[in-house]
Structures are given as structure tokens and as C-alpha cells.
Amino acid sequence: MADDCIFCQIAGGKIPARVVFQDEDVMVFRDLTPKAPSHLLVIPKRHISSLAETDDADSGLLGKLLHRAVETARQEGLDKGFRTVINTGPEGGQTVGHLHLHVIGGRQMTWPPG
Ligand code: AMP
């Protein structure tokens with residue numbers, strides 16, 4: 001846990017969030033400023049600052065995060081499709097330094113995202 005990390009604080013129950021799922025490794029909560037009708041964030045509870053900081057030992061956890069994204073989309077009823085996004089580093093558009101996977105849906109997505 002990183003004391004100054006907002007997602008660690010959410011994972012630890014220290015600040016509120018609209019949590020829709022959690023187990024010992026993973027938490028899913030609604031994005032504070034949704035970019036679509038459904039916009040959720042899938043995070044590891046353990047602090048990992050970005051996708052670039054993962055290695056082979058994290059393969060199982062990364063698989064779990066992706067699987068949870070699919071389950072989240074199912075729970076949201078996104079049967080026409082959805083987008084998963086992992087922003088990595090400043091040029092990747094990452095603004096919160098704790099690995100998170102966006103699950104976004106409920107409207108038509110465009111590409112490229114900008
Ligand atoms: P990124 O730009 O990929 O790092 O995404 C960070 C996301 O976290 C943004 O979509 C923010 O709206 C979202 N966010 C920031 N603070 C919170 C919070 N306290 N609760 C829920 N979502 C948040």
C-alpha cells in the first residue's frame with residue numbers, strides 16, 4: 001500500500017467509492033467522472049504503479065484483471081461491446097499512478113480515441 005495513492009486508499013476502504021466487486025486481489029469501482037454510460041475501473045489491490053512495472057511474476061494477476069473486465073462488462077449488460085483501456089505513463093495518458101483497467105461502454109466508441 002502506498003499511503004499517497006488514491007486507489008490504494010479506495011482498495012483499503014479509507015476513501016469511498018462505488019465498489020461493484022472485490023476479492024482478495026482485485027477491486028472494481030465506478031469511475032468518478034464517467035466518459036460513457038458505463039465506466040468502471042478494475043484495479044489490483046496491491047500497489048503496482050503502472051503496466052510498465054509488471055513482469056512475468058504478475059502474469060496470473062494480469063489475467064485475473066482482464067477476466068474481471070469481461071465479467072464487469074457482462075454485469076453491466078454491455079452485450080453490444082465495450083472498450084478496455086490501460087493508460088501507461090505520462091504520454092500514455094495515465095493520471096493515477098496505480099495500475100487500472102478502464103471498462104467503458106453503453107455508447108458507440110470511436111477510433112482513434114484522441
Ligand atoms: P487514467 O487517466 O487512465 O490514469 O485514469 C484515471 C481515472 O481515475 C480517471 O478516469 C478518473 O476519472 C478516475 N478517478 C480519479 N479519482 C477517482 C476516484 N476517487 N474514484 C473513482 N475514479 C477516480
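For ligands, and for the atoms within them, numbers begin at 1 and follow the listed sequence. Computed over heavy atoms, backbone and side chain alike; hydrogens, waters and symmetry mates excluded. Just so you know, these numbers come straight off a predicted model, no measurement behind them.
Applying the 4.0 Å criterion to heavy atoms of Phe29 picks out, from ligand 1, the atoms 21 (C). Ligand-side atoms of ligand 1 in range of Ile6: 19 (N), range being under 4.0 angstrom from any heavy atom. The atoms of ligand 1 that sit less than 4.0 Å from any heavy atom of His100 are 1 (P), 3 (O), 4 (O), 5 (O), 6 (C). Taking every heavy atom of Asn87 and a limit of under 4.0 angstrom, the matching atoms of ligand 1 come to 1 (P), 2 (O), 3 (O). Heavy-atom contacts of Lys35 reach the following atoms of ligand 1: 9 (C), 10 (O), 12 (O) (cutoff under 4.0 Å). Proximity to His102 (heavy-atom distance under 4.0 Å) selects the following atoms of ligand 1: 1 (P), 3 (O), 5 (O), 7 (C), 10 (O).
Considering backbone and side-chain N/O of His39, none are found under 3.5 Å from N/O of ligand 1. Between Gln94 and ligand 1, no pair of N/O atoms sits closer than 3.5 Å. When only interatomic distances are considered, the shortest N/O to N/O separation between Val96 and ligand 1 falls below 3.5 Å. In terms of N/O distances under 3.5 Å, ligand 1 is approached by Gly93.
With hydrogens and angles disregarded, a donor-acceptor distance shorter than 3.5 Å links the side chain of Arg83 to the backbone of Thr110. The closest donor-acceptor contact from the side chain of Lys45 to the backbone of Asp23 lies under 3.5 Å.
For atom 7 (C) of ligand 1, the nearest protein heavy atom (residue, atom name, distance) is Asp31 OD2, 3.5 Å. Closest protein heavy atom to atom 22 (N) of ligand 1: Leu32 N, 3.1 Å. With respect to atom 4 (O) of ligand 1, the closest heavy atom belonging to the protein is Thr95 N, 2.7 Å. From the protein, the heavy atom lying nearest to atom 8 (O) of ligand 1 is Phe7 CZ, 3.5 Å.
A salt bridge links Glu76 to Arg30: one of the charged nitrogens lies within less than 4.0 Å of a carboxylate oxygen.
Pairing each heavy atom of Leu62 with each of Leu51, the nearest pair is CD2-CD1, 3.9 Å.
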Could you check Asp58 against Glu53 for side chain to side chain contact (heavy atoms under 4.5 Å, CB included), going step by step and ending with a plain yes or no? CA-CA 10 Å; Asp58 299 310; Glu53 300 306 315; over 6 Å; no
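By the neighbour-count criterion of 12 heavy atoms within 6.0 Å, atom NZ of Lys35 is densely surrounded, having more than that number from other residues, nucleotides or ligands. For Asp55, the CG atom is densely surrounded, since the number of other residues' heavy atoms within 6.0 Å is greater than 12.
A heavy-atom separation below 4.0 Å is found between Arg30 and ligand 1.
When each of Arg68, Arg74, Gln75 is paired with Glu71, the side chain to side chain donor-acceptor pair (under 3.5 Å) condition holds for Arg74 and for no other.
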